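The block underneath contains the structure these notes are about, expressed in structure tokens.
Being a predicted model, the structure only gives us computed values, none of them experimental. Each ligand, and each atom within it, is numbered from 1 in the order the structure gives.
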Amino acid sequence: MNYNVNEKGYYGEFGGAFIPEMLYPNVEELRQNYLKVMAEPSFQEEFNQLLKDYVGRPSPLYFAKRLSEKYNTKIYLKREDLNHTGAHKINNTIGQILMAKRLGKTRIIAETGAGQHGVATATVCALMGLECIVYMGEVDIARQAPNVARMKMLGASVVPAKSGSRTLKDATNEAIRDWINNPVNTHYIIGSAIGPHPYPDMVTRFQSVISEEIKWQLKEHEGRENPDYVVACIGGGSNAAGTYYHFLHEKDVNIIAVEAAGHGVDSGESAATSVLGKEGVIHGCKTLLMQTKDGQITEPYSISAGLDYPGVGPMHAHLCKTGRAEFMAITDDDAMNAGLELCKLEGIIPAIESSHALAIFEQKSFKPDDIVVVSLSGRGDKDLQNYIDYFGF
Ligand SMILES: *Cc1c(COP(=O)(O)O)cnc(C)c1O
């Protein structure tokens, strides 16, 4: 079984590029060039240098001793929370801004929901001195004032999307419209392992530095490269794709994908796509998608802004369908408690997204000598108000 993208841009039956005709030249230019550009030694060199000196990589692989004792297994945390800007998203935006520069683009656009991807994009645009326009739903702009302020401080223009539900999908539509109108000088930085081919594969490759590092770091700690389990939360699926990448074809490594169950998978307020999703097209690719009987996208819900997405990337749809990955759904309550537990046991305040991945230890038991590597995708600073509201500190 192949779990990587094939020549046509598919993972099994998922993926592809379902785009309006007018967008074809933009996506095609990227498709024809992305692998070539990424293979250039000068690209590699600049990417690796920035990951090291600007992002702060390699991120540590930390043996969580007290957490391991509690669950009677060996738990390692991959510390993406220690990256510049506080999460894994910067790995992708660094890669894409270098790609944009190599393709001669001078203007960057992005869509953002909670604002995390907008901030990561505005950051690299400031770094490279490129114009940055971030589309964001009007409702989200009101809800996410600190991230809007961050983007503005970093020099980006934040443009409100005023149509529809005035949230992420409307921002995405505006970004696509912009790209159609500015095909020559503009690159669209998509923020997860989603979108039309080649985006899911390109984003996965940029994020694959996570599993590349895990291999040599685990070798240092344990004398072997492969853990027994790799675990990551899934919104669109970019931190997960990066965490799994170098283990996809290693049969002795089990893969666990953690989705947000919100108030419960059957509550009508959830984002558990692997359980509730059906095949459909979202953001230019065929994948699993939460939708009504007549194909309208269902509004997802999770306490975590980063997991509040109605689909999963096509690679994950394939991992789900083939059974290569085990999918688990974690409720808001279980995630919040797991997040607080990490604070108390390890002195680390995790992003609520990452807390979902940590919550699996209450649901599933592991053997004492199992090595379980969990992607700690981000830090909890951005979620402080949510933690305060939930626990009443
Ligand atoms: C955005 C985000 C996620 C979800 O995005 P993926 O593309 O699924 O990785 C997870 N964790 C954190 C901290 C995030 O900011």
Side-chain angles (χ1 to χ4, degrees), residues 59 77-93 95-96 110-121 123 140 144 146-147 150 168 189-195 199-211 230-245 256-260 271-274 282-283 285 287-288 300 302-317 319-320 325 327 330 335 338-339 342 348-359 374-384 386-387:
S59 68
L77 303 177
K78 183 57 173 159
R79 299 290 308 276
E80 296 300 299
D81 61 313
L82 294 177
N83 292 343
H84 178 47
T85 68
H88 66 289
K89 287 192 172 72
I90 191 87
N91 304 326
N92 170 45
T93 55
Q96 285 202 48
E111 87 295 335
T112 197
Q116 295 302 114
H117 173 57
V119 171
T121 301
T123 300
D140 290 331
Q144 308 287 347
N147 277 339
R150 284 186 183 103
L168 178 63
I189 299 191
I190 292 183
S192 190
I194 53 170
Y199 277 99
D201 186 47
M202 181 172 67
V203 174
T204 297
R205 286 168 186 265
F206 289 140
Q207 293 289 2
S208 72
V209 64
I210 299 173
S211 48
V230 282
V231 183
C233 66
I234 297 206
S238 70
N239 89 92
T243 302
Y244 306 159
Y245 187 76
I256 298 181
V258 186
E259 293 186 305
T273 308
S274 73
I282 183 171
H283 294 168
C285 66
T287 189
L288 290 174
S302 163
I303 192 168
S304 142
L307 303 185
D308 186 355
Y309 183 72
V312 291
M315 179 178 120
H316 300 294
L319 294 178
C320 180
F327 277 68
I330 297 296
L342 191 74
I348 298 170
I349 303 177
I352 298 175
E353 291 87 354
S354 319
S355 298
H356 284 72
L358 295 163
V374 181
S375 167
L376 201 71
S377 54
R379 62 176 122 163
D381 308 34
K382 69 180 176 64
D383 296 323
L384 212 55
N386 282 51
Y387 280 120

>> Looking at every non-hydrogen atom in both residues, tell me the closest pair between Ser355 and Ala338 and how far apart they are.
In response: O-CB, 3.6 Å
>> Using a 4.0 Å heavy-atom cut-off, which part of His88 comes near ligand 1: side chain, backbone, both, or neither?
In response: side chain
> Can you list the ligand 1 atoms lying under 4.0 Å from a non-hydrogen atom of Ser238?
Replying inline: 6 (P), 7 (O), 8 (O), 9 (O)
>> Which residue and atom name correspond to the protein heavy atom nearest atom 7 (O) of ligand 1, and how close is it?
In response: Ser192 OG, 2.6 Å
>> Heavy atoms only, cut-off 4.0 Å: how does Lys89 contact ligand 1, side chain, backbone, both, or neither?
In response: side chain
> Any N or O of Ala193 that comes nearer than 3.5 Å to an N or O of ligand 1?
Replying inline: no
>> To the closest 0.5 Å, what do you measure between CZ (Phe206) and CG (Asn92)?
In response: 7.0 Å
>> Given 3.5 Å as the limit, does a donor-acceptor pair link the side chain of Gln144 with the main chain of Gly115, or not?
In response: no
> Does an N or O from Gly235, backbone or side chain, lie closer than 3.5 Å to an N or O of ligand 1?
Replying inline: yes
>> Ignoring hydrogens, what is the shortest heavy-atom contact between Gly118 and Thr112? Give both atom names and the distance.
In response: N-OG1, 3.1 Å
>> Please list, in number order, the atoms of ligand 1 under 4.0 Å from a heavy atom of Cys233.
In response: 10 (C)
>> Only heavy atoms of Gly306, strictly under 4.0 Å: list the atoms of ligand 1 that pass.
In response: 4 (C)
> Mind checking whether Tyr309 and His283 have parallel, tilted or perpendicular rings, split at 30° and 60°?
Replying inline: tilted
>> At less than 4.0 angstrom from any non-hydrogen atom of Ala351, what atoms of ligand 1 do you find?
In response: 13 (C)
>> Which residue and atom name correspond to the protein heavy atom nearest atom 12 (C) of ligand 1, and how close is it?
In response: Ser377 OG, 3.5 Å
>> On a heavy-atom basis, I'd like to know which of Thr112, Asn92, Asn239 is closest to atom 9 (O) of ligand 1.
In response: Asn239
> With atoms numbered from 1 as shown, which atoms in ligand 1 lie under 4.0 angstrom from a non-hydrogen atom of Gly378?
Replying inline: 13 (C)
> What is the distance from atom NZ of Lys78 to atom OG of Ser377, rounded to the nearest 0.5 Å?
Replying inline: 13.0 Å
> Which atoms of ligand 1 are found less than 4.0 Å from any heavy atom of Gly237?
Replying inline: 6 (P), 7 (O), 8 (O)
> Among side-chain atoms of Asn239 and Glu353, is any donor-acceptor pair under 3.5 angstrom?
Replying inline: no
